[in-house]
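Below is one structure; the comments refer to it alone.
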Amino acid sequence: MEQPIILIAEDEPIVGLDLCDTMREAGYLIEGPHGDLNSAMLAFQKRKPDLAILDIRLHDTVVYPFAEKLIAEDVPVIFHSGHLPLDEVSDRFPNTLALSKPCPPGDIITQVHLTLHPEDAEILAQAPAERDIEPA
């Protein structure tokens, strides 16, 4: 089975590199981090990712048109932003996930996994309940 490719668009260098390292350590192939919209779009044209993690603003550019293009090409998008306009994102992209910065690495990894493998959501939802059961 091939490793999924995650495209990361983030204009804060430290955050972008950290996010790339987190995803790489979780076993994903990484495309990025891309600090501007043009770079991210060129990467998408060269190789279609399995999922994209996008900061809503890359410098002064909003990534919504790029997100719409990705979604139209069946690439799931996770927004990752420090200034998250939740109402705007949920109205415009009702089927996407939005994570606020800072987001713990484990949460990002879990959300990426669940986005790529929605069938695992039920298994993960049952796991905490099973841990609460004490042996007789």
Side-chain angles (χ1 to χ4, degrees):
M1 180 177 188
E2 276 191 43
Q3 292 174 293
I5 300 166
I6 310 293
L7 184 144
I8 298 177
E10 170 62 59
D11 63 348
E12 294 179 45
I14 292 173
V15 175
L17 291 172
D18 185 52
L19 190 54
C20 287
D21 288 345
T22 297
M23 292 294 96
R24 195 172 288 112
E25 288 172 11
Y28 298 103
L29 294 176
I30 303 305
E31 177 57 52
H34 297 281
D36 61 68
L37 192 55
N38 288 337
S39 174
M41 290 174 76
L42 283 172
F44 169 68
Q45 290 172 353
K46 288 180 183 176
R47 181 167 74 166
K48 181 179 174 182
D50 296 292
L51 181 139
I53 300 174
L54 307 176
D55 190 356
I56 289 177
R57 285 196 173 279
L58 296 177
H59 299 290
D60 289 334
T61 306
V62 177
V63 299
Y64 292 156
F66 181 47
E68 290 166 349
K69 174 134 180 80
L70 289 165
I71 292 166
E73 296 283 334
D74 296 320
V75 176
V77 170
I78 296 176
F79 291 105
H80 182 245
S81 180
H83 306 287
L84 205 56
L86 291 175
D87 293 339
E88 184 179 321
V89 172
S90 63
D91 288 346
R92 191 163 184 165
F93 302 98
N95 297 320
T96 61
L97 181 63
L99 302 174
S100 293
K101 291 181 203 174
C103 185
D107 291 353
I108 294 173
I109 292 167
T110 298
Q111 295 305 326
V112 165
H113 180 81
L114 290 175
T115 300
L116 292 171
H117 306 282
E119 68 277 5
D120 290 349
E122 187 175 321
I123 295 167
L124 288 174
Q126 292 174 357
E130 292 170 6
R131 280 187 253 141
D132 293 339
I133 299 172
E134 294 183 24

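Of all the heavy atoms in Leu37 and Leu58, the pair that sits closest is N-CD1, 3.6 Å. Considering every non-hydrogen atom in both Leu7 and Phe44, the closest pair reads CD1-N, 4.1 Å. The two residues Asp36 and His59 have their closest heavy-atom pair at CB-CD2, 4.4 Å. When all heavy atoms are compared, the tightest approach of Ile109 to Met23 is CG1-CE, 3.5 Å. Annotation for Pro105 and Thr22: closest pair CB-CG2, 3.7 Å, computed over non-hydrogen atoms. What you find for Cys103 and His80 is that their closest heavy atoms are CB-NE2, 4.1 Å.
Hydrophobic clustering (side-chain heavy atoms under 4.5 Å, transitive across Ile, Leu, Val, Met, Phe, Trp, Tyr) keeps Leu19 apart from Leu17. Connection of Leu29 to Val75 is not established within any shared hydrophobic cluster, with ILVMFWY side chains joined at heavy-atom distances below 4.5 Å, either directly or through further cluster members. Leu42 and Leu70 fall into different hydrophobic clusters, where Ile, Leu, Val, Met, Phe, Trp and Tyr are joined by side-chain heavy atoms under 4.5 Å apart, directly or via other members. Using a 4.5 Å cut-off between side-chain heavy atoms of Ile, Leu, Val, Met, Phe, Trp and Tyr, with links allowed through other members, Ile108 and Val15 fall into different hydrophobic clusters.
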Requested in this report: For side chain to side chain contact (heavy atoms under 4.5 Å, CB included), just list the numbers for Asp91 and Glu88, CA-CA rounded to whole Å, side-chain angles, deciding distance to a tenth of an Å, and then say yes or no.
Outcome: CA-CA 5 Å; Asp91 288 346; Glu88 184 179 321; 6.0 Å; no

Report task. Please test Asp11 against Thr61 for side chain to side chain contact (heavy atoms under 4.5 Å, CB included), starting from the C-alpha separation and ending with a verdict. Result -> CA-CA 10 Å; Asp11 63 348; Thr61 306; over 6 Å; no

Please list, one pair per line, the donor and acceptor atoms closer than 3.5 Å that link side chains of residues 46-54 to other protein atoms, with sequence neighbours excluded.
from, atom 1, to, atom 2, distance (Å)
Lys48, NZ, Glu73, O, 2.7
Asp50, OD2, Ile5, N, 2.6

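To the nearest 0.5 Å, atom CG of residue Leu99 and atom OG1 of residue Thr110 are 10.5 Å apart. Put simply, CZ on Phe66 and CG on Asn38 are 10.5 Å apart, with the number rounded to the nearest 0.5 Å. Note: Asp18 CG to Glu12 CD = 11.5 Å, rounded to the nearest 0.5 Å. In this structure, Thr115 OG1 and Ile78 CD1 are separated by 3.5 Å, a value rounded to the nearest 0.5 Å.
By the 6.0 Å contact criterion, NZ on Lys101 is enclosed, its count of non-hydrogen atoms from other residues, nucleotides or ligands being greater than 12.
Residues that satisfy the side chain to side chain donor-acceptor pair (under 3.5 Å) test with Glu31, not counting sequence neighbours, are His34.
Ring orientation note: the planes of Phe93 and Phe79 are tilted relative to one another, at an angle of 30° to 60°.
A donor-acceptor pair is defined here as one N or O able to donate and one able to accept, closer than 3.5 Å; such a pair exists between the side chain of Gln3 and the backbone of Gly27.
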